[in-house]
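What follows is a single structure, written as structure tokens, with notes after it.
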Amino acid sequence: MNPSQGEQAPHMTVSALPDDLLQRLGALEAMAARHERRLADAEAASSDWERVLDAIDDPICIVSADYALLYANAAYIKLFGPERDGHERHYCFTAARQLHADGAHGPCEECPLPCSVHGRRPGFAQQEWRAPAGPDGAEETRVYQRWTYPIVNANGGVDRVVEALKDVTEQERLRRAIAEEDALREADRLKAELLGTVSHELRSPLTAIKGYAATLLRHERRLPAEERREFLRAITEAADRLEVIIDRLLEMSQLETGSITPHLEAVDVVRVAREAITAAERRAGAVPTAAHHIELRVLHEGAPATDDWTIIPADSRMLRDALDNLLENAVKYTPEDGRVTVTVGAARNGADGAPLPEMLEIVVRDTGVGISAEQLGRVFERFHRVDTRLTREVDGLGLGLAICKRIAELHGGSIWAESAPNEGSAFHLALPLAPAAERAGSAPIA
Ligand code: ADP
């Protein structure tokens with residue numbers, strides 16, 4: 001066929017078309033050209049938008065409502081690698097799988113994405129990300145702040161979430177270094193304070209011993225026998241006090257450094273409480289007051305339905321020590337007409353009101369002077385004594401409750417107090433109940 005004939009054929013066909021059809025064809029061509037231009041503009045805008053996000057040093061990504069990764073900028077890909085999960089899932093899914101041996105499939109713990117998807121609010125988390133080992137086998141832990149923002153659609157739903165990550169490793173390193181330095185400085189301050197308190201406490205009985213001994217030496221012949229005996233008695237009392245202080249200090253230090261640990265065995269709390277009460281009543285001396293008749297109650301309600309539920313794994317010497325301290329305080333800070341009771345029962349609620357299942361609770365309650373709300377939080381601190389006329393009058397080192405707290409902690413339990421001025425106090429000591437299998441007999445449990 002003649003090429004010139006072939007070229008002319010379509011022209012001939014078009015020109016043969018009716019005018020209105022020709023017009024419509026022209027309009028369609030113009031529309032197609034417009035769409036083509038728009039498409040080219042949109043493509044240019046989209047790649048421009050991606051170039052903008054790629055220029056940002058911080059990793060940014062967009063995920064769908066089911067956490068599929070829809071977009072990741074260059075920084076994100078550089079950090080988490082293009083091969084991560086085939087880029088189908090957000091990187092924290094991989095982190096979750098690293099953390100959970102069972103290969104959990106879901107966002108990592110503390111992930112802010114669910115908050116943005118379901119809560120339709122911005123989410124935030126600061127997390128450590130263990131970067132996989134490089135060619136040199138070195139792993140690096142970096143700290144990231146993750147900020148997530150929901151993109152809410154016209155129906156009020158969230159179909160996408162934007163996440164921006166910020167590497168705060170250096171700031172975090174600096175913050176931790178400063179915190180460590182502060183802690184060291186605080187520890188030094190506490191040590192100095194401790195030395196000051198200890199020296200002061202030791203000095204008072206020592207001064208008394210030196211004073212009486214010096215007077216005895218100087219005036220031995222001139223002093224009547226009765227006075228000499230009085231001085232010797234004062235020396236013995238001050239020496240006893242010194243011994244108590246040193247014993248207490250030693251005990252506190254051993255408990256804190258871990259050089260004594262509880263020797264757990266099956267201990268009947270009621271028996272130990274009864275012995276502690278007898279000893280406290282005996283310490284009251286020849287003229288016991290009402291406060292020295294200490295009542296013991298055992299509450300079976302809510303307790304395990306076994307006869308031996310009051311037998312728990314505990315260090316009997318430590319338990320006795322804690323009860324001695326609590327009873328000594330109760331008697332010391334309660335007027336003569338007051339009352340002291342000891343209750344053994346199943347623990348209901350802890351200091352924060354949360355239920356304490358599997359715990360036995362010993363409550364030492366008194367109707368004494370009580371403790372103000374602002375002092376209540378501090379009485380378990382070492383050497384803390386509430387400064388009142390009474391505490392100035394009665395002997396005390398401020399270590400008894402700190403020792404009780406440490407003993408409770410070493411048993412996996414806790415101690416707290418409820419009190420109000422002039423309304424008495426209740427000290428709660430909660431200790432874990434032993435599992436039935438471990439409670440039989442008196443054989444050591446651990
Ligand atoms: P202390 O040797 O001074 O009694 P503790 O550590 O046993 O030291 O107690 C610390 C402080 O808590 C006491 O100085 C006292 O102010 C207060 N405290 C302890 N138990 C009671 C109580 N049952 N009633 C009132 N105050 C108490």
Side-chain angles (χ1 to χ4, degrees), residues 190 193-194 196-198 200-205 237-238 240-256 273 276-277 279-281 283-284 289-296 318-343 351 361-410 414-429:
L190 284 176
E193 199 178 283
L194 187 77
T197 315
V198 171
H200 175 78
E201 292 297 331
L202 293 175
R203 187 167 289 281
S204 323
E237 267 174 25
D240 286 347
R241 168 112 191 94
L242 258 186
E243 195 179 23
V244 169
I245 295 174
I246 291 167
D247 282 352
R248 277 287 161 92
L249 286 170
L250 203 64
E251 187 182 357
M252 186 74 225
S253 123
Q254 285 173 329
L255 284 170
E256 285 202 339
I277 288 173
E281 286 175 340
R283 274 196 304 273
T289 64
H292 298 130
H293 290 298
I294 302 163
E295 195 187 329
L296 173 66
M318 283 191 191
L319 177 61
R320 173 65 194 276
D321 198 13
L323 288 179
D324 281 349
N325 278 318
L326 294 178
L327 284 171
E328 191 184 319
N329 281 347
V331 172
K332 220 163 52 171
Y333 301 113
T334 302
E336 292 187 354
D337 56 350
R339 280 168 62 82
V340 176
T341 50
V342 176
T343 314
E361 187 181 58
I362 308 161
V363 187
V364 178
R365 197 179 294 275
D366 65 59
T367 57
V369 294
I371 306 164
S372 66
E374 71 265 22
Q375 290 290 335
L376 202 55
R378 299 203 57 197
V379 291
F380 294 100
E381 288 173 17
R382 289 181 309 184
F383 300 110
H384 186 80
R385 300 198 74 210
V386 182
D387 191 15
T388 60
R389 191 177 51 79
L390 180 62
T391 46
R392 265 174 262 134
E393 277 168 13
V394 299
D395 263 353
L397 194 57
L399 273 184
L401 290 179
I403 289 176
C404 291
K405 184 167 180 247
R406 193 72 196 119
I407 290 175
E409 286 168 354
L410 285 172
S414 57
I415 187 167
W416 70 98
E418 293 164 328
S419 188
N422 301 318
E423 284 183 23
S425 313
F427 284 84
H428 300 250
L429 174 63

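Note that ligands are numbered from 1 as they come in the structure, with each ligand's atoms numbered from 1 the same way.
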At a 4.0 Å threshold, what atoms of ligand 1 neighbour a non-hydrogen atom of [X]?
X	answer
L399	6 (O), 8 (O)
H384	10 (C), 11 (C)
G400	5 (P), 6 (O), 7 (O)
S425	22 (C), 24 (N), 25 (C)

F427 and V363: CA distance, side-chain angles, deciding distance, side chain to side chain contact (heavy atoms under 4.5 Å, CB included) verdict: CA-CA 6 Å; F427 284 84; V363 187; over 6 Å; no
Any donor-acceptor N/O pair, T367 side chain to R339 backbone, under 3.5 Å: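 Yes.
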E409/K405 salt bridge by N-O under 4.0 Å criterion: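 Answer for the salt bridge query: yes.
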Nitrogen or oxygen of Y333 less than 3.5 angstrom from that of ligand 1: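 Such a contact does occur with ligand 1.
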For atom 8 (O) of ligand 1, the option (of G398, A417, S419, G368) bearing the nearest heavy atom: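 Among G398, A417, S419, G368, the closest heavy atom to atom 8 (O) of ligand 1 comes from G398.
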Ligand 1 contact by N325, heavy-atom criterion under 4.0 angstrom: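 The answer is no, since N325 has no heavy atom less than 4.0 Å from ligand 1.
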Chi angles and distances behind the side chain to side chain contact (heavy atoms under 4.5 Å, CB included) call for N325, L401: CA-CA 7 Å; N325 278 318; L401 290 179; 5.9 Å; no
If you measure from each non-hydrogen atom of [X] to ligand 1, which part falls under 4.0 Å: side chain, backbone, both or neither?
X	result
K332	side chain
L401	both
F427	side chain

Closest approach of L323 to A273 (non-hydrogen atoms, all atoms of both residues):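 Result for this residue pair: CD1-CA, 3.8 Å.
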E256 versus R406, closest heavy-atom pair with distance: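 Residues E256 and R406, closest heavy atoms: CA-NE, 3.9 Å.
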Salt bridge (charged side-chain N to carboxylate O under 4.0 Å, His left out) against R203, all qualifying residues, sequence neighbours excluded: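 R203 satisfies salt bridge (charged side-chain N to carboxylate O under 4.0 Å, His left out) with no other residue.
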